[in-house]
Amino acid sequence: MPADLILGSASPRRLALLAQIGVVPVRVVAPDVDETPLKAERPRDYVLRVAAAKAAAVPRADGEVVLAADTSIAVGPRILGKPADERDLVTMLRLLSGRRHHCLSAVVVVDGTGKTRTRLSDTIVAFKPLSEAEIASYVASGEGMGKAGGYAIQGRAEGFVRRIDGSYSGVVGLPLFETRALLVTAGVILG
């Protein structure tokens, strides 16, 4: 019998991605974690720290497994989280326009015994140059609000992507290859 899974995320995208690999959590808990980057924190360290903090903030009973994740966009050493407002979103899209960036997704699983395992997905995404009209239209759509880096690759922003090297599901918010491997190890998916 597979172990019970608790998803430590309020993201409907993560829930839908888990369903794609046949996993339905018994519970969904939105952990309350400060996602402010630390001074001079590297993007990889940031997503790993935040994902671990989310997993640690989810209460679980013995035998239950917790899965938590964090996704962020990195342009060089700069971390692009969720835009604070439309002005912030415009700034992010201008920064991403015509450039490559990294989409980092950290996945943390705490197994039924309390052992923590972590995986990191690093996907390189290249955007086409965006006109001011394209940026304004995208901002007006509202799609980029609440999304790391200010865009949703599974929506209208996919039309901005010239190339992707890595995990598409990782850019959406949960890298399924890494997640499945962790869930097999934790006994949620029977191998």
Where L96 and G149 come nearest, the two heavy atoms and their spacing: CD1-O, 3.5 Å

Test item: E178 side-chain N/O and V107 main-chain N/O as donor-acceptor pair under 3.5 Å: no

hydrophobic_cluster_shared for I164 and L120, side chain cutoff 4.5 Å: no

Criterion salt bridge (Lys or Arg N to Asp or Glu O under 4.0 Å) on R44 and D122, from CA distance to verdict: CA-CA 9 Å; R44 288 174 179 265; D122 183 353; 2.5 Å; yes

Donor-acceptor pair, side chain of S72 and main chain of L104, under 3.5 angstrom: no

Atom pair CZ/CG of R27 and L5 - distance to nearest 0.5 Å: 10.0 Å

Check: G173 main-chain N/O paired with R14 side-chain donor or acceptor under 3.5 Å: yes

Backbone of P175 reached by a side-chain donor or acceptor of T179 within 3.5 Å: yes

N/O donor-acceptor pair under 3.5 Å between S169 side chain and L176 backbone: yes

N/O donor-acceptor pair under 3.5 Å between S137 side chain and E134 backbone: no

Joint hydrophobic cluster, I153 plus L80, side-chain heavy atoms closer than 4.5 Å: yes

hydrophobic_cluster_shared for V58 and L17, side chain cutoff 4.5 Å: no

Any donor-acceptor pair under 3.5 Å from Y151 side chain to L89 backbone: no

